[in-house]
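Reminder, nothing fancy here: chain letters follow the sequence lines and each chain counts from 1. In this text the structure is predicted, and so the values were computed from the model without any measurement.
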Amino acid sequence: MQSVDSAAEQAEFDRKIAEEQKIEPTDWMPDDYRKNLIRQMSQHAHSEVIGMQPEGNWITRAPTLRRKAVLLAKVQDEAGHGLYLYSATETLGISRSELIDALQTGKAKYASIFNYPTLSWADVGAIGWLVDGAAIVNQISLQRTSYGPYSRAMIRICKEESFHQRQGYEIMYALAKGTPEQKQMAQDAMNRFWWPSLMMFGPHDSESAHSGRSMKWKIKRQSNDDLRQKFIDQTVPQIEVLGLEMPDPEIKWNEERGHYDSGEINWEEFYQVINGSGPCNHQRIKHHKAAHDNGEWVREAVRAYRAKQNQKAAESAA
Amino acid sequence: MNQQQQNLFRFLVALGDDSVVLSHRLSEWCSNGPYLEEDIALGNVALDYIGRARMFYQYACEVEGKGRTEDDIAYFRNEREYTNLLIHELPINDFAFTMVRQFFVDVFYCEYLKQLMNSSDETIAAIAAKAVKESRYHLKRSEPWIRQLAEGTDESLRRIKDALLELENFVGELFLMSDWEQSLVEQGIAVDRAKLQKDWDAYVQKFLGESNVHFPDSQLQIRGGREGIHTEHLGHMLSEMQYIQRTMPGLQW
Ligand SMILES: [Fe+2]
Ligand SMILES: [Fe+2]
């Protein structure tokens with residue numbers, strides 16, 4: 001049985017959610033709400049960070065100095081998003097090192113799309129255009145999420161994501177309007193990243209394990225399928241402008257629904273990649289661990305230096 | 001181009017090469033740093049150097065007047081045609097090496113660019129004015145890193161000393177002038193790098209000395225960058241960097 005106090009707290013929490021007020025770090029919140037947020041926000045943060053790898057894979061091979069600068073700035077932004085989201089997650093009472101540990105031990109997930117390899121320069125374009133494009137659809141919706149720090153993070157991050165999406169589309173456009181060889185690169189990249197981009201919105205609403213409660217708590221504001229549809233609707237006309245062939249032969253405008261129809265996602269692949277057997281799952285985590293381990297002596301040195309400085313300060317104060 | 005324009009062109013390309021090569025090295029830290037914050041910070045420095053390279057190359061192309069672009073300069077020259085000072089091209093090694101190299105070039109550029117702001121060539125002076133602010137900022141980051149690592153743990157100190165030892169041989173070249181560059185000094189366009197050596201030595205020695213780390217007077221050891229004689233590392237960097245342009249030349253990207 002709940003005590004009077006916690007019943008009152010629960011009622012206050014419910015009222016805030018109902019009235020679209022934000023929950024702030026110092027507010028009381030149900031344990032499961034907190035856990036759910038930590039799961040979703042850290043997954044989001046890890047995605048930003050792991051996403052640096054497939055795109056970073058092309059920084060040293062970018063075809064022009066301008067492209068290289070833009071890509072480097074973009075990947076840097078993603079690192080910034082990761083930092084910002086880690087900080088926002090820390091407001092829930094968990095530390096960054098715990099979060100990183102959960103990532104490296106496979107307890108925490110990140111966007112599955114980054115478990116696919118970037119095989120050509122066009123993949124950088126496809127990621128910016130499709131993956132950042134899908135992320136924006138999701139994040140715009142999350143600007144209205146009920147947890148204050150998460151909502152504010154989304155508002156801030158969204159601005160940069162639309163720049164990312166534009167630079168990706170610009171790369172695709174240059175390729176699609178280039179030589180047949182370049183156009184083929186663009187087509188191939190889009191074909192490979194199309195389905196994984198759709199998978200970014202998660203399983204069908206009927207299959208989604210966390211969706212129900214997340215919607216009730218207004219952590220999530222729109223369903224996976226609705227967001228996915230929105231992404232398809234906005235992206236198909238862009239494919240037409242590029243003059244590329246549709247990556248899915250079943251894409252067709254449905255007058256009655258006012259939406260594009262499209263083919264079914266290969267859910268077997270979806271679960272396979274989520275459960276760790278995608279083309280790059282091991283590589284991504286191994287890379288993250290290696291960088292982290294290689295940096296351990298640096299972090300140790302910083303701690304030692306600070307300790308010495310503190311000791312000196314204490315001695316001179318005494 | 002007359003002789004003077006040729007020298008100017010050569011000078012601008014050389015400065016562009018210094019920047020493009022170092023920016024490439026710094027960009028290799030992306031997703032590999034000891035802190036996520038450091039990935040961002042090193043990326044910022046890399047971006048500043050790409051910006052410099054582009055400005056120098058663009059101006060070089062203008063001086064040359066043959067309609068070449070910055071990318072023609074960056075992507076269609078071989079190792080022997082690259083003329084960067086060697087210190088810029090050395091692999092990133094560990095974080096200590098990267099930061100010591102950065103500290104060295106930051107100290108160098110703070111003074112070099114400050115003097116280059118007085119160039120009689122307005123475009124060069126303007127680029128230097130922008131770049132010197134960046135380098136001052138870079139130095140504000142590299143110095144505390146050297147301090148922390150030199151006074152951190154035994155291991156971090158050992159790594160700093162290893163880096164110093166390896167870089168010692170490449171420092172002297174920063175102050176080595178060639179005839180064509182000297183003639184640009186006489187015209188008031190370039191800066192006499194040889195004259196920066198004493199102050200550089202003093203600054204670096206004082207800074208390291210405060211952490212009880214000794215560094216000798218710089219001496220000319222390994223040289224050749226401005227003549228296109230490089231370490232073995234540059235060829236690998238260029239083959240990676242130029243791969244798309246070389247396999248599919250003449251296209252828009
Ligand atoms: Fe992002
Ligand atoms: Fe992004």
In terms of heavy-atom proximity below 4.5 Å to chain B, should [X] be classed as side chain, backbone, both, or neither?
X	result
A:M172	neither
A:T64	both
A:E78	neither
A:V75	side chain
A:R67	side chain
A:E170	neither
A:A290	neither

So for [X], is it side chain, backbone, both, or neither that comes closer than 4.5 Å to the heavy atoms of chain A?
X	result
B:N32	both
B:D154	neither
B:L36	both
B:Q252	backbone
B:A150	neither

Check the orientation of [X] and [Y]. Use parallel for under 30°, tilted for 30 to 60°, and perpendicular for over 60°.
X	Y	value
A:Y150	A:H44	perpendicular
A:W58	A:W121	perpendicular
B:W29	B:F95	perpendicular

Residue, of [options], that accumulates the most heavy atom pairs under 4.5 Å with chain B:
options	result
A:A301, A:A174, A:A307, A:G295	A:A301
A:D293, A:L83, A:L175, A:I59	A:L83
A:K68, A:E300, A:R303, A:Q182	A:Q182
A:Q53, A:E55, A:H287	A:H287
A:G56, A:A69, A:G125	A:A69

Decide whether [X] and [Y] meet the rule of one side-chain donor and one side-chain acceptor closer than 3.5 Å.
X	Y	value
B:S142	B:D106	yes
B:N44	A:Q76	yes
B:D17	B:Y57	yes

Review point. Within 45° of the six-membered ring axis of A:Y173 and under 6.0 Å from that ring's centre, is NZ or CZ of A:K177 located there?
Key: yes
Review point. Do the numbers put B:R147 on top of the ring of B:F207, so that NZ or CZ is under 6.0 Å from the six-membered ring centre and no more than 45° off the axis?
Key: yes
Check your understanding: With side chains defined as the heavy atoms from C-beta onward, is the minimum distance between A:V131 and A:F114 less than 4.5 Å?
Key -> yes
Check your understanding: Is any side-chain heavy atom of B:Y75 closer than 4.5 Å to a side-chain heavy atom of B:L238?
Key -> no
Among [options], which has the most heavy-atom pairs under 4.5 Å with chain A?
options	value
B:E155, B:Q242, B:Q245, B:E37	B:E37
B:M248, B:E28, B:E38	B:M248
B:L42, B:V20, B:I40, B:T153	B:I40

Check your understanding: Would you call B:D71-A:R66 a salt bridge at under 4.0 Å N-O?
Key -> no
Review point. Taking 4.0 angstrom as the limit, do B:R52 and B:D48 come out as a salt bridge?
Key: no
